Amino acid sequence: MSAFLPNDDLKFMDPVPSDIEVSQSITPAPINLIAEASGLLPGEYHLYGSVKCKVSLDVRDRLAAQNDGNYVVVTGINPTPLGEGKSTTTIGLVQALGAHLNKKAIACIRQPSQGPTFGIKGGAAGGGYAQVVPMEEFNLHLTGDIHAIGASNNLLAAAIETRMFHESQQKDSALFNRLCPPEKDGSRKFAPVMLKRLAKLGIDKVNPNDLTEEEQGRFARLDIDPETITWQRVLDVCDRFLRGIVTGVGKAEKFERKTGFDITVASEIMAVLALTTSLADMRAKLGEMVIGMSKKGDPITADDLGVSGALCVLMKDAIMPTMMQTVEKTPVMVHAGPFANIAHGNSSIVADQVSLKLVGEDGFCVTEAGFGADIGMEKFYNIKCRYSGLKPQCAVIVATVRALKMHGGGPDVVAGKPLDFVYKEEALDLVRAGCANLIHHIKNIKKYGVLPVVAINRFSTDTEAELELVRTLSIEAGAFDARVANHWAKGGAGAVELGQAVIAACAASKAAGSPFKFLYPLEMSLKDKIETICREMYGAVGVEYTEQAEQRLQMYTAAGYGKLPICMAKTQYSLSTNAAAKGVPTGFTITVRDVKAAVGAGYIYPICGDIMTVPGLPTRPGFYDVDMDLQTGRVIGLF
């Protein structure tokens, strides 16, 4: 019996069809029924058609006195091309809790970028009988949040270059007169956002006519140093040819500058959305975003450019999480989508906060962290939980026998080539060796005072001996429990044992006072925080810095950003910065080649290795298979 809506019409097929065929075989419940069964009142959600709705943050105020539910994060081993099924496990676990174990449970996951959807990775709705439906709605435009981020980001990019262009053409007095034009009677007024710049400059005047000539010049001229600009334009497409561009080549501009594009989910505005706690907090964070430095070395913000209020207006609807449903009619919050290798890789704080209130003290909010536990989970704890104030009880770490074989020394998986036989037959030695990667992450989870539960995501080629070996080694390494799950084929019923283990782990954690702790204090220097992460999470023996990275660290410390948390940008495929180094590499050092600041979002991000912020397309992108069935109007070929 479901803690939400009954799901008597679901029919399981064997063999399991494609993800989109499963999704389209299901008739979703009207989303207003899902919303109200979750505990939302009619005025607390806004319909976007029949299968999606936006959830107002007002519900947190109504339920403020209610105790939070159990907080569970789903993470994984270092990912491989074979896939671990982390999103599938997140959905399967919530289906088990809600539809089979009679617990109120809500999944909180990220909105996927359309870039990888049409590229090589695919979507992020889960898969088989453990997915968000309709999956084509989930994987495409959803409710427009990513488009709002793109519009906001590019408005700021336009404001930067426009301001530099006009400053190059005008003297201080002309700039001031255009920024604060006089009325017919000679009076002037500051736009509200301009007051923030005045306060920053220490000018306590509210009438533009009262400013001295020197104050007018300081106020009007930002004098941005183009070499320090870190803000780029974005688009939600994998397009390698926009990684480097030249702007301002039009005849009317003649103001050329080398810059580039990022993928939209890499925008700092995406990170702001994910880490904000209210509309007022988002407005403040947007204004604090630093786009570069002045030629005197002062940080230049979106508030300085006068564009932050407009950014907030563009983002006002995006701050509300989107509610959808699983194949078993359990609710899902979809909100924000920062990547975990180039950003902090977690869904929004507000979605988790709302969900924890809705499920109540005995319920479960299951949130997913991107990529492996070394980056997505580490940032969940040290960045997301630090800003939210929430304490997780349990971490579910997802592994597959096939992926562990690769970490144990199995042959590379090459697209277009048949899968090597070792991934289809019993190979206990490879599994045993590969479990070193899983064990490393189990031990890392315990450093935070959180109880680890291993989810062994079953594939049809796994043998019982292989599955039992993973379970035994996990428990010996200190996992609270380890359970085999087959939710891809059986839905929530295939993850009941996993759900029971999570329930027990959360109860044990709460009985011990939920002893969650951070890896490092913010008072540490930026270098000490970086080196703590590299040593404790990755197993590095040391950290080296390029000259540019050293200069940036000094600059950000001098600017007052030294107490921000760290968001490492590194490959997801290895504990080291060498993507080919599987298992548990040893004796390696981490080289930080550059450091950037996401001051609005609230972190410093060191860049390790060659991390791309806009992917390219492969020879045969996924878009080849996507089309419309013109007879039924359905999307086809989307995974």
Side-chain angles (χ1 to χ4, degrees), residues 1-13 16-40 42 44-55 87-88 90-100 104-112 117 123-145 320-335 347 351 354-355 358-359 366 368 487-495 628-629 632-639:
M1 181 69 179
S2 172
F4 291 99
L5 294 180
N7 198 45
D8 301 328
D9 58 344
L10 178 60
K11 301 291 187 287
F12 291 88
M13 297 179 65
V16 178
S18 70
D19 291 346
I20 195 166
E21 289 175 312
V22 171
S23 178
Q24 292 178 346
S25 72
I26 292 163
T27 302
I31 196 64
N32 61 299
L33 299 183
I34 299 289
E36 292 177 21
S38 302
L40 292 169
E44 292 173 338
Y45 61 88
H46 311 284
L47 296 176
Y48 276 62
S50 62
V51 294
K52 299 173 290 187
C53 68
K54 283 280 196 181
V55 177
S87 299
T88 306
T90 301
I91 301 303
L93 172 58
V94 168
Q95 290 177 183
L97 292 166
H100 299 271
K104 292 198 82 173
I106 299 177
C108 292
I109 58 177
R110 292 172 293 165
Q111 179 184 356
T117 295
Y129 289 100
Q131 63 170 296
V132 183
V133 294
M135 65 92 77
E136 58 269 45
E137 295 277 348
F138 173 85
N139 282 304
L140 298 177
H141 302 286
L142 199 63
T143 49
D145 293 356
M320 294 185 288
T322 298
M323 180 174 278
M324 294 186 72
Q325 63 190 285
T326 70
V327 296
E328 296 190 67
K329 296 184 173 62
T330 56
V332 180
M333 293 285 197
V334 186
H335 203 211
S347 59
V354 168
S355 299
L358 286 173
V359 299
V366 180
E368 180 187 356
H487 38 277
W488 179 79
K490 298 182 178 180
M628 293 291 298
D629 183 327
T632 64
R634 283 184 163 182
V635 176
I636 56 176
L638 197 66
F639 329 118

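Nothing here was measured: the structure is a model prediction, and the numbers come from that model.
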Legend entry - For Gln131, side chain to side chain donor-acceptor pair (under 3.5 Å) partners two or more places apart: none

Inset, instruction - Using the test side chain to side chain donor-acceptor pair (under 3.5 Å), find all partners of Ser23 that sit at least two apart in sequence or belong to another chain. - result: none

Inset, instruction - Kindly write out the residues that satisfy side chain to side chain donor-acceptor pair (under 3.5 Å) with Thr88, not counting sequence neighbours, or none if the list is empty. - result: none

Legend entry - Which residues share a side chain to side chain donor-acceptor pair (under 3.5 Å) with Thr90, sequence neighbours left out: none

Determine all donor-acceptor pairs shorter than 3.5 Å in which one atom belongs to a side chain in residues 45-52; sequence neighbours excluded.
from: Tyr45; atom 1: OH; to: Glu36; atom 2: OE2; distance (Å): 2.4
from: Lys52; atom 1: NZ; to: Glu137; atom 2: OE1; distance (Å): 2.8
from: Lys52; atom 1: NZ; to: Leu142; atom 2: O; distance (Å): 2.9

Inset, instruction - List in chain and number order the residues that pass salt bridge (Lys or Arg N to Asp or Glu O under 4.0 Å) with Glu136, two or more places apart in sequence or in another chain; answer none if no residue qualifies. - result: none

Legend entry - Ala351 backbone acceptor or donor facing Ser355 side chain under 3.5 Å: yes

Inset, instruction - Name all residues meeting the salt bridge (Lys or Arg N to Asp or Glu O under 4.0 Å) criterion together with Lys490; count only those two or more places apart in sequence or in a different chain, and write none if there are none. - result: none

Legend entry - Residues which pass side chain to side chain contact (heavy atoms under 4.5 Å, CB included) with Ser25, listed by chain and number, not counting sequence neighbours: none

Inset, instruction - With sequence neighbours left out, write down each residue that passes side chain to side chain contact (heavy atoms under 4.5 Å, CB included) with Pro30, or none if nothing qualifies. - result: Asn32, Leu33

Legend entry - salt bridge (Lys or Arg N to Asp or Glu O under 4.0 Å) involving Asp19 - partner list, sequence neighbours excluded: none

Inset, instruction - Output all residues satisfying side chain to side chain contact (heavy atoms under 4.5 Å, CB included) with Thr27, sequence neighbours left out; order by chain, then residue number. - result: none

